Amino acid sequence: MIKNAIAESLKKVIEKKYNLPDTEPSVTESPNKQFGDYSTQIAFQLAKILKNDPKKIASDLKDAIEGNAFFEKVEVVGGYINFFLKNEFYHKEIERVFSAGEEYGKLDNVGEEKILVEYVSSNPTGPMVIVNGRAAALGDSLVKILNWRGYQAISEFYINDGGNQVYLLGISCNEVYKKLNGFPYEIPENGYHGEYIDDFVRAISKNTDLSGMDDKSRSDYLGSEGVRYFHSMQIESLRNFGVEFDSEVHEKRIREENLPEYVLNTLKEKGLLYENEGATFFKSTQFGDDKDRAIIKKNGEYTYLLPDAAYHEDKVRRNFEYLIDIFGPDHHGYIKRLKAIFKALGHDPNRLEILIHQIVNLVNEGEKIKMSKRKGQIITLDDLIGDVGKDPARFFFVMRKKNAHLDFDMKLAKEKSENNPVFYVQYAHARISSILKFADSKGINIDNYVDFSLLNEEKEIELIKMVLMFPDALDDVIRIREPAILPKYLIDLASAFHSFYNKHRVITENIELSQARLALVQCVKNTIKIGLSLIGVSSPEQM
RNA sequence: GCGCCCGUAGCUCAAUUGGAUAGAGCAACGGAUUUCUAAUCCGUAGGUUGAGGGUUCAAUUCCCCCCGGGCGUACCA
């Protein structure tokens with residue numbers, strides 16, 4: 001918010017001085033203290049437009065802006081303009097943070113636009129696996145952060161309960177039923193093989209007599225019951241992971257409302273379909289795809305793309321102006337065709353944003369843990385949470401940029417030490433709680449007047465600066481769709497606090513100073529608590 | 001073959017999406033605690049940003065071409 005304030009005043013000056021109303025000056029934190037608190041390189045950009053020396057422009061801008069009451073001084077170095085802020089400015093800002101309390105950084109309604117974020121949407125044919133956890137952690141954090149900053153974002157889970165995989169699940173279960181009852185059996189190659197199938201069949205056999213059914217009706221029954229069983233199992237896992245969805249959409253409903261047929265008709269009317277060897281193809285190459293895609297198979301079944309396109313049509317019909325899908329790494333080949341069909345249906349492709357996150361490797365003692373779905377060697381999300389706990393899992397999943405492969409260090413996640421960033425941040429929170437308790441026992445409170453102008457030590461100002469960067473960090477997350485910025489910020493904030501703590505005592509003989517420092521650490525505590533909650537991590541009062 | 005992602009200190013990762021002298025943590029070494037939580041802090045050392053070209057006042061970032069790794073490339077989802 002400091003950045004924005006400086007950028008705004010720069011914008012005004014530029015508009016007035018050079019008659020360039022559309023300039024968006026970017027203000028950044030200075031890389032080094034000698035360059036002040038904040039800097040801008042706008043003069044370089046203006047130099048090109050104005051065909052003038054950047055140094056000249058920078059110093060002209062400096063003269064125009066220098067009068068601002070909060071600048072200690074403004075300096076021009078090279079073409080950069082460096083801003084040095086008065087402590088007074090920080091005192092005023094931290095006071096506002098203090099009064100905001102646990103609502104710090106929260107905004108109401110920055111836009112009317114409704115955003116739908118779809119993530120996980122795993123097939124209801126087995127338990128949640130590790131990579132689903134990453135999608136869940138990313139999606140949930142993004143939605144929470146969007147909402148905290150005043151956007152209207154809704155999370156949604158799409159359940160593929162209408163297509164071929166339900167059938168495959170059914171016949172796989174039926175074969176497993178035969179296996180468990182000593183009959184000859186054969187699970188199809190493309191069916192489901194995991195041990196979790198056996199568990200399901202055993203469980204349902206206890207309550208339902210399956211012996212009287214023929215193969216067909218038993219398969220159908222096990223298919224539809226299996227979908228329900230696995231879906232609620234998945235939702236339960238996600239709940240244990242702190243992820244709950246605002247909305248669920250069933251493919252079944254999409255099909256019942258004949259939306260796939262609407263998509264077909266629309267494409268047909270536009271002449272975007274053709275037949276080839278008995279299958280129906282969509283001319284996705286006309287919309288930038290690498291090749292045309294089948295949407296109806298030779299046997300008359302829809303491919304995955306058709307109901308999914310229908311689902312996205314449904315999203316638009318529910319008046320969401322902006323759609324974000326979070327996909328796993330195995331779906332990146334799918335982006336082009338989905339965007340193609342979305343565009344073909346007459347929607348602006350810029351309204352659909354598809355984010356891809358990369359894979360997760362579990363690492364223990366420096367060794368990658370090998371998983372094979374076929375051999376039944378899978379580690380589920382429940383296993384991971386049970387092993388390392390929810391908080392480290394949530395933190396680790398969003399700690400890396402979504403584009404990077406994530407090596408999930410199991411040993412580190414379990415470690416209750418300084419090496420573990422989750423504990424490092426939580427420890428700062430607990431430490432502050434302890435200080436607050438101590439202050440209370442000494443009868444020092446900050447319920448009334450606090451004089452923030454007493455905070456002028458270097459470590460104090462640095463800590464205030466870190467606290468004030470919180471809204472910027474959240475906005476950066478939103479701007480580049482990268483939740484990883486938040487855990488990194490929290491680590492830096494905790495570090496600034498620990499550093500301050502080692503240099504200065506909060507509670508001393510000086511009551512006024514104690515109160516000011518107490519109020520400052522209270523702000524830090526609130527910020528950590530809010531920040532951690534936005535990534536689904538708890539903030540213990542003691543550790 | 002084609003497409004997408006990645007390659008930065010011994011290890012795991014940053015670098016404000018084109019800005020100033022590429023920064024943290026771990027590991028190594030040296031220090032700090034009669035104190036509100038040492039699960040902490042302070043310091044030292046560590047680099048041809050995979051290689052080579054190009055664009056730019058400015059490149060880890062953008063473009064081209066290699067090298068290496070991952071993923072995808074279905075009438076599966």
Side-chain angles (χ1 to χ4, degrees), chain A residues 3 26-32 34-35 39-41 44-45 47-48 53-54 77-80 82 121-123 125 160 163-165 168 190 276-281 290-291 293-305 307-308 328-336 356-359 361 363 366 399-407 409 412 415-421 423-424 426-428 430-439 441-442 469 472-473 476 479-480 482 484-485 488 491-492 494-495 497-508 514 517-518 521 542-543:
Chain A
K3 284 187 202 172
S26 82
V27 174
T28 60
E29 288 117 41
S30 300
N32 191 312
Q34 72 182 92
F35 300 132
S39 313
T40 181
Q41 22 79 357
F44 290 104
Q45 274 130 19
K48 218 167 267 178
D53 181 11
V77 179
Y80 293 92
N82 298 325
S121 297
S122 49
N123 286 337
T125 53
N160 301 124
N164 191 37
Q165 68 281 0
L168 277 176
N190 56 353
N276 186 25
E277 294 178 3
T280 305
F281 281 75
D290 305 322
K291 55 181 181 178
R293 304 293 172 177
I295 57 172
I296 303 179
K297 303 180 204 173
K298 208 183 332 185
N299 65 9
E301 280 171 17
Y302 299 157
T303 67
Y304 181 75
L305 181 60
D308 203 27
D330 51 336
H331 282 69
H332 73 241
Y334 187 71
I335 298 175
K336 276 186 185 172
I356 296 286
H357 66 83
Q358 292 301 317
I359 57 166
N361 293 314
V363 177
M399 190 166 62
R400 299 293 175 230
K401 289 187 295 189
K402 60 186 182 307
N403 252 346
H405 293 198
L406 172 63
D407 282 337
D409 189 332
L412 178 61
E415 221 168 279
K416 302 203 168 182
S417 81
E418 61 191 276
N419 303 344
N420 187 336
F423 284 92
Y424 184 80
Q426 289 180 324
Y427 179 57
R431 222 177 192 185
I432 295 170
S433 299
S434 174
I435 298 172
L436 291 168
K437 244 176 267 166
F438 182 77
S441 75
K442 295 277 180 191
M469 279 179 207
D472 292 332
D476 285 346
R479 198 181 82 247
I480 63 174
E482 190 54 270
I485 290 168
K488 189 175 177 337
I491 292 168
D492 290 344
S495 171
F497 165 73
H498 287 310
S499 181
F500 157 82
Y501 176 92
N502 271 272
K503 185 93 189 270
H504 303 289
R505 257 192 88 81
V506 174
I507 306 305
T508 60
S514 300
R517 286 183 175 164
L518 203 55
V521 299
Q542 59 184 43
M543 300 181 72

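It should be emphasised that the depicted structure is a prediction, and the values quoted were computed from it without experimental measurement. Protein chains get the first letters and strands the later ones, always in sequence-line order, with residue 1 at the start of each.
- A sub-4.0 Å separation between OP1 or OP2 of B:A14 and a side-chain N or O of A:Arg400 is absent.
- Considering only the side chain of A:Lys291, B:A74 comes nearest among B:A20, B:G19, B:A74.
- Here A:Gln542 lies in heavy-atom contact (under 4.0 Å) with a base.
- Here the shortest heavy-atom pairing between A:Lys402 and A:Ile480 reads NZ-O, 3.9 Å.
- Applying the 4.0 Å criterion to OP1 and OP2 of B:A74, one finds that A:Arg293 has every side-chain N and O outside that range.
- The residue among A:Asn276 and A:Asp407 whose nearest nucleotide of RNA chain B is located toward the 5' end is A:Asp407.
- The CD1-C1' distance, from A:Ile356 to B:G70, rounds to 14 Å in whole Å.
- Atoms OH (A:Tyr334) and C1' (B:A74) sit 13 Å apart, rounded to a whole Å.
- Scanning for salt bridge (charged side-chain N to carboxylate O under 4.0 Å, His left out) contacts around A:Asp476 gives A:Arg479, with sequence neighbours left out.
- Which of B:U21, B:U16, B:C75 sits closest to the side chain of A:Lys298 comes down to B:C75.
- Contacts of A:His498 classified as ring-ring contact (aromatic ring centres under 6.0 Å, His included), with partners at least two apart in sequence or in another chain: A:Tyr424, A:Tyr427.
- The aromatic ring of A:Tyr424 does not sit over the base of B:A39; the criterion of centres under 5.5 Å apart with planes under 30° is not met.
- When rounded to the nearest whole Å, the span between CZ of A:Phe281 and P of B:A74 equals 11 Å.
- In this structure, the nucleotide among B:U35, B:A39, B:A77 sitting nearest to the side chain of A:Tyr427 is B:A39.
- A:Ala430 and A:Met543 get closest at one heavy-atom pair: CB-CG, 3.6 Å.
- Within 4.0 Å of A:Pro31, counting heavy atoms only, lies at least one base atom of the nucleic acid.
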Taking only nitrogen or oxygen atoms into account, show me every contact under 3.5 Å that the protein makes with nucleotides 4-7 of chain B, one pair per line with its distance.
{"unit_1": "B:C5", "atom_1": "O2'", "unit_2": "A:Asn403", "atom_2": "O", "d": "3.0"}

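- For B:C75, neither phosphate oxygen OP1 nor OP2 lies less than 4.0 angstrom from any side-chain nitrogen or oxygen of A:Tyr302.
- Annotation: B:U48 and B:C29 have their P atoms spaced 24 Å apart (nearest Å).
- With both ends at atom P, the span from B:G3 to B:A27 equals 43 Å, rounded to whole Å.
- Rounded to the nearest Å, the gap between the C1' atom of B:A77 and that of B:C64 is 37 Å.
- Closest to the A:Asn164 side chain, of the nucleotides B:A77, B:U16, B:C41, is B:A77.
- Under the rule for a side-chain hydrogen bond (donor to acceptor under 3.5 Å, both in side chains), A:Ser495 has no partner lying at least two apart in sequence or in another chain.
- When distances run from any side-chain atom of A:Asn502 to the nucleotides B:U16, B:C36, B:C41, the shortest one goes to B:C41.
- A gap of 23 Å separates the P atoms of B:U61 and B:C2, to the nearest Å.
- In terms of the salt bridge (charged side-chain N to carboxylate O under 4.0 Å, His left out) criterion, A:Lys401 has no residue partners (sequence neighbours excluded).
- B:A24 and B:C62 are spaced 27 Å apart, taking the C1' atom of each and rounding to whole Å.
- Spacing of P atoms, B:U16 relative to B:G53, comes out at 25 Å, to the nearest Å.
- Listed by chain and number, the residues in a ring-ring contact (aromatic ring centres under 6.0 Å, His included) with A:Tyr302 amount to none (sequence neighbours excluded).
- Between A:Ser26 and A:Gln41 the shortest side-chain heavy-atom distance falls below 4.5 Å.
- In this structure, A:Lys488 places its NZ atom 9 Å from P of B:A14, rounding to the nearest Å.
- A search for salt bridge (charged side-chain N to carboxylate O under 4.0 Å, His left out) contacts involving A:Arg517 returns A:Glu460, not counting sequence neighbours.
- With sequence neighbours excluded, no residue forms a side chain to side chain contact (heavy atoms under 4.5 Å, CB included) with A:Lys298.
- Comparing atom distances between the A:His331 side chain and each of B:C71, B:U40, B:A77 picks out B:A77 as nearest.
- Between B:A14 and B:G7, the distance separating the two P atoms is 8 Å to the nearest Å.
- The ring-ring contact (aromatic ring centres under 6.0 Å, His included) check on A:His405 picks up nothing, with sequence neighbours excluded.
- If you take OG1 on A:Thr40 and CD on A:Gln45, they are separated by 7.5 Å, rounding to the nearest 0.5 Å.
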*asked:* Strictly under 4.0 angstrom, non-hydrogen atoms only: write out the protein contact profile of nucleotides 56-62 of chain B, one letter per nucleotide from the 5' end, B, S or -.
replied: -B-----
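- Only the P atoms considered, B:G23 is 13 Å distant from B:G47, to the nearest whole Å.
- Residue-to-nucleotide contacts include no donor-acceptor pair under 3.5 Å from the side chain of A:Asn190 to the base of B:A77.
- Counting only heavy atoms from C-beta outward, the side chains of A:Val506 and A:Phe500 approach each other to under 4.5 Å.
- In this entry the distance linking OH of A:Tyr80 with P of B:U16 reads 13 Å, nearest Å.
- Using a 90° window around 0 for the glycosidic torsion, B:U56 falls outside it and is classed as anti.
- Helical stems involving RNA chain B, defined as 3 or more consecutive Watson-Crick or G-U pairs under 3.5 Å, span B:1-7 with B:67-73, B:10-13 with B:23-26, B:28-32 with B:40-44, B:52-54 with B:62-64.
- A:His357 has its NE2 atom 15 Å from the C1' atom of B:G70, to the nearest Å.
- Put simply, A:Ser39 has no side-chain N or O that comes within less than 4.0 Å of OP1 or OP2 on B:A20.
- For A:Tyr80, the ring-ring contact (aromatic ring centres under 6.0 Å, His included) criterion is met by A:Phe44, not counting sequence neighbours.
- Mapping A:Leu436 and A:Asn123 onto RNA chain B via the closest heavy atom, the residue that lands nearer the 5' end is A:Leu436.
- Using a 4.0 Å heavy-atom criterion, one finds that A:Ile359 contacts the sugar-phosphate atoms exclusively.
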